[in-house]
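We count ligands from 1, going down the list as the structure has it; atoms in each ligand are counted the same way. Atom set for the values below is all heavy atoms of this structure, side chains included, hydrogens, waters and symmetry mates excluded.
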Amino acid sequence: MFQNTKDSKTKLSELGEFGLIDHLTQFLKVKHSSTVKSIGDDAAVLDHEQQTVVTTDLLVEGIHFDLAFMPLKHLGYKAVMVNLSDVYAMNAKAEQITVSIACSNRFTVEALEELYSGISAAAELYNIDVVGGDTTSATKGLTISITALGQAKKEEITYRSGAKPNDLLVVSGDLGGAFLGLKVLQRENEVFKVNPNAQPDLEKYTYIVERQLKPEARKDIVELLKALKVKPTSMIDISDGLSSELMHLCKHSKVGANLYEDKLPLDPLCISTCEEFELDSTTVVLNGGEDYELLFTIAQEDFDKIKANPNLTVIGHMAEKKEGIHLISRMNTKIPIKARGWNGMEEEN
Ligand code: ADP
Ligand code: MG
């Protein structure tokens with residue numbers, strides 16, 4: 001995970017808006033020939049030869065993140081990841097982002113430097129040009145909005161709507177870790193509130209804390225599928241939880257699905273953490289969000305191409321719409337799946 005943190009002292013007003021933008025973006029380099037004009041004019045100019053994929057996410061302090069346990073550098077990194085993940089879920093190549101920030105004067109120049117160091121690290125690692133954005137003051141808190149742009153050939157783009165009955169349902173990586181990482185961080189934060197001298201004991205939870213604080217968008221899976229010559233029939237990224245994403249695929253593709261409980265990919269640390277928190281691991285996998293894995297369907301004849309890959313797990317298959325959407329339990333009972341994904345809106349009440 002990232003190391004930091006610097007002393008924070010410089011008020012934003014000392015640099016002014018333009019000085020701040022220059023300061024934060026000074027080390028960014030353009031990497032793609034599709035970026036004709038980057039930061040510095042009234043608008044960026046892009047030259048996408050293929051179809052353009054565009055996606056935006058808005059992250060609001062207190063709704064989507066808590067700075068009590070989310071370091072700013074991680075927040076910057078994660079804000080980029082959630083957007084890239086949406087581009088990859090279209091089976092496209094992400095090439096540019098814009099970054100818009102609104103923050104109150106409680107934030108210092110050093111704090112925004114931290115945020116930007118996470119954004120730059122993500123852009124560097126995922127080969128992305130930061131081509132613009134907006135920076136403004138706000139009366140309260142921090143809001144960050146990123147737009148990601150990518151491109152893909154028309155025939156490569158994968159929609160939520162292409163799944164057919166009997167297609168195999170496949171997921172990358174493992175699930176539930178990000179939610180359990182959040183549980184651990186929230187618990188440590190409560191301990192800290194009661195006893196500020198308590199040292200957080202996070203070492204044994206490193207994998208799941210990283211899943212929460214530093215998720216990775218699955219660029220590698222899009223590249224892997226291309227190398228294997230597998231075009232998914234439908235695809236979505238897992239931001240809200242497996243059950244709600246599966247329901248999106250089923251709804252848009254007008255199909256049903258059977259998901260097998262014994263196939264759900266869980267890291268051993270997730271299983272032991274579920275036991276510790278007295279949580280049912282299947283419920284965590286179905287409803288825990290923010291894993292940013294890819295959920296997709298493939299035609300049965302493509303099974304041989306993916307079956308040996310440790311990054312991919314077949315967890316079920318699509319069915320006729322009238323059959324509905326079910327979890328087949330370990331006891332071989334059929335349980336209807338309902339969406340209980342995370343809903344940022346709910347937290348306002
Ligand atoms: P305008 O007044 O036209 O909105 P700005 O002064 O806000 O222009 O921005 C100047 C340049 O800096 C533009 O290219 C804009 O896209 C870029 N920019 C502004 N804020 C950010 C940011 N947070 N990250 C990256 N680029 C930014
Ligand atoms: Mg502006």
Within-cut-off N or O pair, D134 and ligand 1, under 3.5 Å: yes
Heavy-atom nearest option to atom 14 (O) of ligand 1, drawn from G40, A44, G132, S38: G40
Contact atoms of ligand 1, heavy-atom distance to Y116 under 4.0 Å: 22 (C), 23 (N), 24 (N), 25 (C)
K305: salt bridge (Lys or Arg N to Asp or Glu O under 4.0 Å) partners, not counting sequence neighbours: D302
No-hydrogen, no-angle side-chain donor-acceptor test under 3.5 Å, E17 and T135: no
Test item: side-chain donor near acceptor, E188 and Y205, under 3.5 Å: no
D41 contact mode with ligand 1 (heavy-atom cut-off under 4.0 Å): backbone
Heavy atoms from other residues, nucleotides or ligands near NZ of K226 exceed 12 (cutoff 6.0 Å): yes
Any N/O pair I39/ligand 1 closer than 3.5 Å: no
Check: V131 N/O within less than 3.5 Å of ligand 1 N/O: no
CG (N332) with more than 12 external heavy atoms under 6.0 Å: no
Atom indices of ligand 1, in the order listed, that fall short of 4.0 Å to a heavy atom of F18: 6 (O)
Region of I21 engaging ligand 1 - heavy atom pairs below 4.0 Å: side chain
Please tabulate, for the side chains in residues 44-54, all donor-acceptor contacts under 3.5 angstrom to protein atoms that are two or more places apart in sequence or on a different chain.
| residue | atom | partner | partner atom | Å |
| --- | --- | --- | --- | --- |
| H48 | ND1 | T52 | OG1 | 3.0 |
| H48 | NE2 | Q96 | OE1 | 2.9 |

